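Everything below concerns the one structure shown next.
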Amino acid sequence: MARIVQKYGGSSLATVEAIGRMADKIAQTVQNGAEVAVVVSAMGRTTDGLLALAGEVSDAPPPRELDLLLSTGEIVSASLMAMALGRRGIPAVAMTGAQAGLYTDGAFGRAQLIAFDTAHVEAALARGWVPVVAGFQGVSPTGDVTTLGRGGSDTSAVALAAAIAADRCEIYTDVDGVYSADPRRDADACRFSCLTYEEALRLAENGAKVIHPDAVRWAMRSGIPLIIARNDASDPLAEGTLIASADFRWKTPAAQGAAEVRTAAGARK
Ligand code: ADP
Ligand code: ASP
Ligand code: MG
């Protein structure tokens with residue numbers, strides 16, 4: 001049985017209707033026989049809204065309190081997603097980053113992951129439940145809630161995939177993969193069907209916001225294949241971008257063939 005981590009960004013969860021559509025997608029993956037763990041970001045522009053709220057009550061919000069505040073956005077998404085899955089007959093359990101065992105250093109606002117204790121997530125999977133983990137957050141050695149920096153849910157997802165030895169991590173967003181430039185700003189940008197970790201890291205470090213550089217680093221270190229696709233893709237491998245090592249081969253011959261063909265095709269629109 002394939003073990004898959006699916007991450008849904010804020011752009012894919014902007015409304016309760018969108019949460020329902022993503023829940024349908026997760027339910028479909030489970031019904032197709034995969035073991036799925038989910039990581040979610042805050043709905044739409046919630047994080048910006050929370051930052052603005054903090055700014056209204058303080059000129060210099062204390063970093064610890066700010067992180068606690070910002071972490072709530074992802075907790076809302078995780079809770080609603082678990083409810084939406086339950087309504088579809090898919091048992092699910094929402095977890096904060098701390099409950100999921102994501103341990104970080106104490107650098108509020110830019111915390112680095114130091115360990116992932118997956119006991120809680122593994123227990124849910126063993127029971128046949130879908131763990132729905134709030135991205136972007138963890139807990140420090142002093143028990144304080146931390147956040148990983150803007151866009152950090154990507155990192156949560158890949159780190160979780162690595163920690164539970166998932167077969168792949170699928171990142172669902174509002175564009176259909178990684179482009180040579182931001183497709184919203186540059187009409188001539190080309191979508192890459194395949195990228196090596198090194199190529200993806202260069203793009204992420206140069207501002208390709210669609211994937212956080214730390215997420216690519218985690219994937220590279222652990223060898224987890226990453227697929228970035230639009231949230232309505234029916235075949236994310238065919239329609240999105242695969243990020244993997246240069247010599248990566250899928251375990252199944254059919255998928256392996258498809259990935260090789262795409263590697264040969266290189267970048268395409
Ligand atoms: P999510 O909410 O799913 O995390 P983000 O807003 O963080 O989504 O990232 C997706 C956005 O990244 C796209 O809407 C796109 O405008 C932007 N983007 C910037 N550079 C690139 C690129 N090179 N390839 C694809 N998307 C890019
Ligand atoms: N919600 C956080 C942000 O807006 C984290 C994320 O989206 O990955 O930056
Ligand atoms: Mg993002």
Side-chain angles (χ1 to χ4, degrees), residues 5-15 18-19 21-22 25 38-54 66-78 81 96-97 102 104 109-111 113 133-138 145-160 169-195 199-216 218 226-233 236 239-243 267-269:
V5 172
Q6 294 189 336
K7 179 256 173 176
Y8 293 88
S11 58
S12 306
L13 304 170
T15 61
I19 289 178
R21 284 194 298 277
M22 299 308 115
K25 192 176 177 71
V38 173
V39 173
V40 288
S41 296
M43 294 172 69
R45 304 188 70 86
T46 296
T47 308
D48 292 332
L50 292 169
L51 275 168
L53 272 181
L66 187 60
D67 268 15
L68 189 59
L69 176 71
L70 296 186
S71 73
T72 62
E74 271 70 13
I75 298 171
V76 169
S77 295
M81 180 59 83
T96 66
L102 197 155
T104 70
R110 51 183 169 80
L113 242 136
V133 178
F136 176 58
Q137 58 187 268
V145 171
T146 53
T147 66
L148 309 180
R150 299 305 303 263
S153 296
D154 295 337
T155 313
S156 306
V158 182
L160 176 62
C169 180
E170 299 175 348
I171 307 267
Y172 288 105
T173 183
D174 61 353
V175 288
D176 59 352
V178 183
Y179 280 69
S180 51
D182 186 342
R184 297 190 190 287
R185 289 165 191 261
D186 184 346
D188 293 329
C190 289
R191 179 169 63 85
F192 296 102
S193 49
C194 295
L195 288 169
E199 290 165 340
L201 183 57
R202 254 196 311 278
L203 286 162
E205 284 176 339
N206 286 319
K209 183 185 171 220
V210 68
I211 184 76
H212 195 289
D214 281 348
V216 181
W218 271 95
L226 269 185
I227 295 172
I228 301 182
R230 199 162 53 204
N231 53 42
D232 60 358
E239 299 166 39
T241 299
L242 167 69
I243 301 172
R268 65 180 160 81
K269 186 94 180 176

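Both ligands and their constituent atoms are indexed starting at 1 by order of listing. In this text the structure is predicted, and so the values were computed from the model without any measurement.
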Exercise. Going by the atom numbers of ligand 2, which of them fall below 4.0 Å from some non-hydrogen atom of Arg150?
Worked result: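 This gives 3 (C), 4 (O), 9 (O) as the contact atoms.
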Exercise. Is there a side-chain contact between Val133 and Ser156 (heavy atoms, below 4.5 Å)?
Worked result: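 Side-chain contact under 4.5 Å: no.
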Exercise. So do Tyr179 and Asp186 actually touch side chain to side chain, heavy atoms under 4.5 Å?
Worked result: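 Asp186 vs Tyr179: side chains apart.
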Determine, considering heavy atoms only, which of [options] sits nearest to [atom].
atom	options	result
atom 8 (O) of ligand 2	Ser153, Ala134, Ser71	Ser153
atom 11 (C) of ligand 1	Asp174, Leu203, Asn206	Asp174
atom 14 (O) of ligand 1	Arg45, Arg184, Met43	Arg184

For this session: Indicate, as side chain, backbone, both or neither, the part of Lys7 found under 4.0 angstrom from ligand 1 when only non-hydrogen atoms are considered.
Result: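 It is the side chain that touches ligand 1; the backbone stays farther off.
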Exercise. Does ligand 1 have any atom that is closer than 4.0 Å to a heavy atom of Gly10?
Worked result: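 Contact present.
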For this session: Identify, by atom number and element, the atoms of ligand 1 in contact range of Val175, meaning under 4.0 Å from any of its heavy atoms.
Result: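 The list of qualifying atoms is 13 (C), 14 (O), 25 (C), 26 (N).
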Exercise. Would you say ligand 2 has an N or O under 3.5 Å from any N or O of Thr47?
Worked result: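 Checking ligand 2 against Thr47, an N or O pair does fall under 3.5 Å apart.
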Exercise. Hey, is the main chain of Val178 close enough, under 3.5 Å, to the side chain of Thr241 for a donor-acceptor pair?
Worked result: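 Side chain of Thr241 to backbone of Val178, a donor-acceptor pair under 3.5 Å: yes, one is there.
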Exercise. Can you name the one residue among Val145, Thr46, Leu50 that meets side-chain contact (heavy atoms from CB on, under 4.5 Å) with Leu70?
Worked result: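 Considering Val145, Thr46, Leu50, a side-chain contact (heavy atoms from CB on, under 4.5 Å) with Leu70 is found only for Leu50.
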